[in-house]
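Heavy-atom basis, side chains included; hydrogens, waters and symmetry copies ignored.
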Amino acid sequence: GAYSEYWPQIHMMPEETMKAFLDLHGKRLMPVHWAKFNLSLHSWTEPIKRLNKLAALNRAEMISPRIGAAFEVGVPFKQEEWWEE
C-alpha cells in the first residue's frame with residue numbers, strides 16, 4: 001500500500017509487484033504492508049484489488065490472510081476476499 005506515481009521509492013505499485021514475482025519465478029505471492037494503515041491517496045482496498053486481479057490474469061497463486069490470522073507454510077491456502085467485508 002501507500003504507493004503513488006509521485007513517490008515510487010516508497011513501495012512498489014501492484015503492477016511492479018507482479019512483475020517482480022514473475023521475474024523471480026515465485027510460487028506463492030503474499031503481499032505485505034498493504035492493510036495495516038491507510039497512508040496514501042488511494043482507497044484502502046485498491047492495492048489488494050489491483051494485485052488480486054493481476055494474480056488472476058497471470059495465474060499466480062496469491063495468499064493474503066486476514067490481518068492477525070495464522071496460516072501454515074506449505075499447506076494449501078483458500079484465499080478469501082475478506083477485505084470486501
Side-chain angles (χ1 to χ4, degrees):
Y3 54 78
S4 171
E5 62 187 35
Y6 300 110
W7 14 284
Q9 68 279 15
I10 304 295
H11 284 152
M12 292 190 291
M13 304 286 275
E15 294 75 15
E16 293 170 313
T17 301
M18 181 54 63
K19 182 175 181 343
F21 176 77
L22 295 172
D23 288 350
L24 293 168
H25 305 285
K27 293 184 181 180
R28 293 175 123 186
L29 173 60
M30 184 174 160
V32 296
H33 299 184
W34 73 268
K36 186 73 172 180
F37 303 103
N38 188 8
L39 301 173
S40 187
L41 305 172
H42 55 69
S43 73
W44 181 76
T45 58
E46 181 182 314
I48 196 67
K49 286 181 175 182
R50 283 173 62 179
L51 193 56
N52 196 34
K53 188 178 205 178
L54 290 165
L57 287 171
N58 288 282
R59 296 185 178 153
E61 182 183 2
M62 186 178 84
I63 63 171
S64 186
R66 184 179 298 272
I67 297 171
F71 71 97
E72 197 171 333
V73 175
V75 174
F77 180 84
K78 183 181 181 309
Q79 179 63 59
E80 296 178 1
E81 294 180 355
W82 58 266
W83 50 85
E84 296 290 350
E85 294 175 3

Quick check: do I10 and S4 have side-chain heavy atoms less than 4.5 Å from each other? no

4.5 Å side-chain heavy-atom contact, R28 and F77: yes

Interatomic spacing from OH in Y3 to CE in M13 - rounded to 0.5 Å: 6.0 Å

Answer yes if M62 and I67 sit in the same cluster of Ile, Leu, Val, Met, Phe, Trp and Tyr residues linked by side chain heavy atoms under 4.5 Å apart, and no otherwise. yes

Listed partners of E85 passing side chain to side chain donor-acceptor pair (under 3.5 Å), at least two apart: R66

A56: which residues meet the side-chain contact (heavy atoms from CB on, under 4.5 Å) condition with it, sequence neighbours left out? none

Contacts of type side-chain contact (heavy atoms from CB on, under 4.5 Å), residue K19, not counting sequence neighbours: D23

Applying side chain to side chain contact (heavy atoms under 4.5 Å, CB included), run through M18 and R50 and close with a yes or a no. CA-CA 10 Å; M18 181 54 63; R50 283 173 62 179; over 6 Å; no

Is a side-chain donor or acceptor of W34 paired with a backbone partner of E46 at a separation under 3.5 angstrom? no

Only pairs at least two apart or in different chains count here, so list each side-chain hydrogen bond (donor to acceptor under 3.5 Å, both in side chains) that has a residue in residues 69-80. none

Just wondering, do K49 and W83 contact through their side chains at under 4.5 Å, heavy atoms? yes

A side-chain contact here means heavy atoms from C-beta on lying under 4.5 Å apart; do P65 and W82 qualify? no

Sequence neighbours excluded, the answer for salt bridge (Lys or Arg N to Asp or Glu O under 4.0 Å) partners of E81 is none

Treat each ILVMFWY residue as a node, draw an edge where side-chain heavy atoms are under 4.5 Å apart, and state whether I63 and L24 are in one component. no

With sequence neighbours excluded, what pairs up with E5 under the side-chain contact (heavy atoms from CB on, under 4.5 Å) test? none

Would you name the heavy atoms of L51 and P14 that are closest together and state the gap between them? CD1-O, 3.6 Å

Point-to-point distance, once rounded to the nearest 0.5 Å, from CE of M30 to CD of E61: 12.0 Å

Please step through side chain to side chain contact (heavy atoms under 4.5 Å, CB included) for the pair T17 and L54, ending with a clear verdict. CA-CA 10 Å; T17 301; L54 290 165; over 6 Å; no

